[in-house]
Amino acid sequence: MLRNSIEPMHAIRRQHQALAILRVLHRDSGQRANDRVLADYLQTIALGGSHEQVRDALQRLAELNLVVVEPVENLVVARLTERGEAVAIGNDSCEGVLRAYPDCPY
């Protein structure tokens, strides 16, 4: 049993969630979305994620300079960065984010 580390399935899900968030932001014409919309999207594609989990994911992505987050009233709005776009389309990679691949479903 692994100790002092994230459960393997949880770590895999977090990597998929991170890529899915980047790719949905990339497809949006303004490359922006709020945490509630992103949480609903992740639920729709069976990647789960409460609003708090999405906010945590956005914070991790912001620390990696893949998104910029901004609080707006009771929401967190995420905007894709240039590096985030490169990771979203598979031209760059980043630890903690699943590498985009041809025919990626996200």
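The analysis underlying the following values was restricted to heavy atoms, covering all of them including side chains, and did not include hydrogens, waters or symmetry mates.
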Subject >> Partners passing side-chain contact (heavy atoms from CB on, under 4.5 Å) against Arg99 (at least two apart in sequence or in another chain) >> reply: Ser93
Original post:
Taking only residues two or more places apart in sequence or in another chain, which ones pass salt bridge (Lys or Arg N to Asp or Glu O under 4.0 Å) with Asp40?
Top reply: none
Original post:
Between Val87 and Leu19, which heavy-atom pair has the shortest distance, and what is it?
Top reply: O-CD1, 4.3 Å
**OP:** Check Ala20 against Ile45 and note the closest heavy-atom contact, atom names and distance.
**Re:** CB-CD1, 3.9 Å
Subject >> Closest non-hydrogen atom pair, Gly48 against Gln17 >> reply: O-NE2, 3.4 Å
Subject >> Sub-4.5 Å side-chain heavy-atom contact between His26 and Leu80 >> reply: yes
Original post:
Which ring pair (Phe, Tyr, Trp, His ring centres under 6.0 Å) pairs, counting each pair once, include a residue from residues 55-85, with sequence neighbours left out?
Top reply: none
**OP:** Give every residue pair that meets the ring pair (Phe, Tyr, Trp, His ring centres under 6.0 Å) criterion with at least one member in residues 72-106, sequence neighbours excluded.
**Re:** His16-Tyr106
**OP:** Quick one: closest heavy-atom pair of Leu25 and Ala78, and the distance?
**Re:** CD2-O, 3.9 Å
**OP:** Might you work through the side chain to side chain contact (heavy atoms under 4.5 Å, CB included) test for Leu42 and Ile21, ending with a clear yes or no?
**Re:** CA-CA 8 Å; Leu42 292 178; Ile21 289 169; 4.2 Å; yes
Subject >> Considering all heavy atoms, the nearest Ala46-Arg13 contact >> reply: O-NH1, 3.6 Å
Original post:
Of all heavy-atom pairs between Ala100 and Arg23, which one has the smallest distance, and what is that distance?
Top reply: CB-NH1, 3.8 Å
Subject >> Common cluster, Leu47/Tyr41, ILVMFWY with side-chain heavy-atom separation under 4.5 Å >> reply: yes
Original post:
Are more than 12 heavy atoms from other residues, nucleotides or ligands located less than 6.0 Å from atom CZ of Arg32?
Top reply: no
Using distance only, find each side-chain donor-acceptor pair of residues 54-70 under 3.5 Å and give its atom names and separation, not counting sequence neighbours.
residue : atom : partner : partner atom : Å
Arg55   : NE   : Asp35   : OD2          : 2.6
Arg55   : NH2  : Asp35   : OD2          : 3.2
Arg55   : NH2  : Asn74   : O            : 2.6

Subject >> Residues that Arg79 engages under side chain to side chain donor-acceptor pair (under 3.5 Å), provided they are two or more places apart >> reply: none
